[in-house]
Amino acid sequence: MADPTGFLKVPKVEAPKRPVDERVGDWREVYAQQDMNERAAEVAEQARRCMDCGIPFCHSGSAGCPLGNLIPEWNDLVRRGRWDAASDRLHATNNFPEFTGRLCPAPCEAACVLSISEEHTGGSVTIKRIEQTIADHAWLNGRVQPQPAAISTGRKVAIVGSGPAGLAAAQQLTRAGHDVTVYERDDRIGGLMRYGIPEYKLEKATLDQRLAQMRAEGTRFVTETEVGVDVSVEQLRNQYDAIVLAVGALRARDHQVEGRQLKGVHLAMEHLVPANKECEGDGPSPISAKGKHVVIIGGGDTGADCLGTAHRQGALSVTQLDYNPEPPAVRDDTRTPWPTWPLVLRTRLSPAHAEGGERRYEVAVQRFLGDDSGHVRALEIAEVKVERDADGRRIITPVGEPFEIPCDLALLAIGFEGVEHMPLLDELGLRLNRRGALPCGSDWQTDAPGVFVCGDAHRGASLIVWAIAEGRSAAHAVDSYLMGESDLPAPVVPGAVPLSVV
């Protein structure tokens, strides 16, 4: 059994990060390289802090991990040095733990029983670090190998989109014996993991090694092909027995205030994508922060990605604006009680905030100010009060006098409104719902027969663990549709909503 008093004996230790001055000078991951034997020994000690609770909220889909990761089980296996068994248990519920161990904000840790009173327990188990170490240990020691299907079903499936949802669905269906082809409109596979997530958070070699495994299993990838443009839906329907839409929710929210048309004002993805392409060796980014005063509008994860990218490009200064009040340093039990996702000031999960820059709260842009050449030179901002009307809609009211801050590059990182408008949807006769997402039935099937949906395209912009969970669930549904039944796991159901957003 687990060590029920381990958390009293072993203090919580986070993964060591490289010094700020060092890491902002390159694009390598922010965490320090450790000898795997030393790292494994340290992580095994951290795993002793897991009590294997009677009700492990960490892997509850309503509050913790939507993948249903058997966290106490692989924690105990790590504690006992059974790394191969831990890898098998982890991969049983998660196709890509090396991705989630790096990118997931870890709702499992927020739901950990040790998070109820961090003052007395020392804080949650370092689940995310343990998960990543299991995955990295498995890759390093050759434990992760291709798992091709023993028997082919003769059925063909097309998956549109190669983000985590599409890749998870593809791997599950390939292993079930189906002939799977993934279509991607970009020049490389990976979706937002490839071009949205900065290199310092996920080195793309980590993505490439998993793609090599998938290719060896039999999954085929077609790049630079947009379904509905380069290939028609009719062609796909004639060639495949089922189609899975994993097209994401990349329609960015904009901010149409005076001066928005000025040069130097960009959506966040217009900055992040070419920066990632530069890291891939495609040449200098046309939108660089080098030598500029950068202002990021939006206080979320995408804004933090822009912040870290701007630091590495050599910005003169970076200011991040957020119209919300500054979050508290610790959980407010009246607003976000355990085990829900806490509203707190985050620097551990967004290391870019420790690298410099200024964060301003309860302010909003009133207009962009330009110079004689039509380029942004400053932002006029004002302090604001945020309220909600009777329908729950947010009302942002300026208070006090506006003031200017210098700005040579403005980045809008204020969220996403749903699936982009694309010919594919018109050809299928599909319509978006009020949230800008694609609805589906309990079998993950859209209104178009034989066409399924998963990931952000179905639930809106969300976490990587939700994308993988929905991809796995959609794969179960597709397998059942094609074969009458399925042995593939189905972790979540359509419409499942985490307690953290209720």
Side-chain angles (χ1 to χ4, degrees), residues 61 65-69 90-97 99-100 144 146-184 189-191 193 210-211 213-222 227 236 239-248 438-446 448-459 462-496:
C65 181
L67 279 164
N69 280 334
L90 177 54
H91 279 92
T93 56
N94 185 355
N95 294 71
F96 313 125
F99 302 160
T100 53
V144 182
Q147 299 177 37
I151 300 174
S152 173
T153 66
R155 304 299 180 88
K156 295 183 176 181
V157 182
I159 296 182
V160 185
S162 69
L167 293 180
Q171 186 166 67
Q172 293 294 93
L173 289 167
T174 298
R175 290 176 175 178
H178 303 303
D179 186 346
V180 178
T181 302
V182 178
Y183 289 87
E184 171 57 58
I189 296 295
M193 288 190 298
R210 181 63 76 172
L211 294 176
Q213 180 208 33
M214 293 181 65
R215 288 187 175 96
E217 292 173 346
T219 302
R220 285 189 288 272
F221 297 99
V222 179
V227 177
L236 253 61
Q239 186 176 353
Y240 297 95
D241 301 295
I243 299 171
V244 179
L245 303 181
V247 295
L438 286 168
C440 66
S442 59
D443 61 353
W444 296 92
Q445 198 166 180
T446 67
V451 179
F452 299 76
V453 65
C454 62
D456 286 2
H458 163 250
R459 68 181 299 110
S462 187
L463 307 181
I464 184 173
V465 281
W466 276 105
I468 296 172
E470 291 209 356
R472 287 168 63 88
S473 296
H476 171 92
V478 172
D479 192 35
S480 299
Y481 170 80
L482 296 175
M483 307 303 294
E485 60 181 4
S486 177
D487 293 328
L488 294 175
V492 297
V493 297

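Predicted model, so just to flag it, every value in this text is computed and none were measured.
Here the OG1-CD1 distance, from T446 to I243, works out to 9.0 Å after rounding to the nearest 0.5 Å. The distance from the CZ atom of F96 to the CD atom of Q213 is 8.0 Å, given to the nearest 0.5 Å. Expressed to the nearest 0.5 Å, how far OG1 of T93 lies from CG of N69 amounts to 3.5 Å. Atom CG in N94 sits 9.5 Å away from atom CZ in F99 (nearest 0.5 Å). The distance from the OG atom of S473 to the CH2 atom of W466 is 9.0 Å, given to the nearest 0.5 Å.
Residues L167 and T219 fail the side-chain proximity criterion, which asks for heavy atoms closer than 4.5 Å. In this structure, L67 and R472 have side chains that are in contact, with non-hydrogen atoms separated by less than 4.5 Å. Counting only heavy atoms from C-beta outward, the side chains of E184 and F221 never approach each other to under 4.5 Å. Put simply, the side chain of R210 does not reach to within 4.5 Å of the side chain of N95, judged on heavy atoms. Side-chain contact between L482 and T153 is absent, with no heavy atoms from C-beta onward closer than 4.5 Å.
Between V182 and A170, the shortest heavy-atom contact is CG2-CB, 3.7 Å. When all heavy atoms of A475 and L173 are compared, the pair lying nearest together is O-CD2, 3.4 Å. In terms of heavy atoms, A457 sits closest to V247 at CB-CG2, 3.8 Å. The two residues Y240 and V157 have their closest heavy-atom pair at CD2-C, 3.5 Å. Heavy atoms only, all atoms of each residue included: D456 and S462 are closest at OD1-N, 3.3 Å. Shortest non-hydrogen contact noted between A474 and V453 is CB-O, 4.2 Å.
Judged purely by atom type and a 3.5 angstrom limit, E217 has no side-chain atom pairing as donor or acceptor with the backbone of P146. No donor-acceptor pair closer than 3.5 Å links the side chain of E470 to the backbone N or O of C454. The backbone N or O of G190 sits less than 3.5 Å from a side-chain atom of S162, completing a donor-acceptor pair. Within the 3.5 Å criterion, the main-chain N or O of G218 finds no donor-acceptor partner in the side chain of T174.
Partners of Y183 according to the ring pair (Phe, Tyr, Trp, His ring centres under 6.0 Å) rule, which considers only residues two or more places apart in sequence or in another chain, do not exist here. For R155, the side chain to side chain donor-acceptor pair (under 3.5 Å) test picks out no residue, with sequence neighbours left out.
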Using atom types as modelled, flag every donor-acceptor pair under 3.5 Å from a side chain in residues 483-492 to any protein atom, sequence neighbours excluded.
{"unit_1": "S486", "atom_1": "OG", "unit_2": "D479", "atom_2": "OD2", "d": "2.7"}
{"unit_1": "S486", "atom_1": "OG", "unit_2": "L488", "atom_2": "N", "d": "3.0"}

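Judged by distance alone, the side chains of D443 and S480 never bring a donor and an acceptor atom under 3.5 Å apart.
The distance between the ring centers of H458 and W444 falls below 6.0 angstrom.
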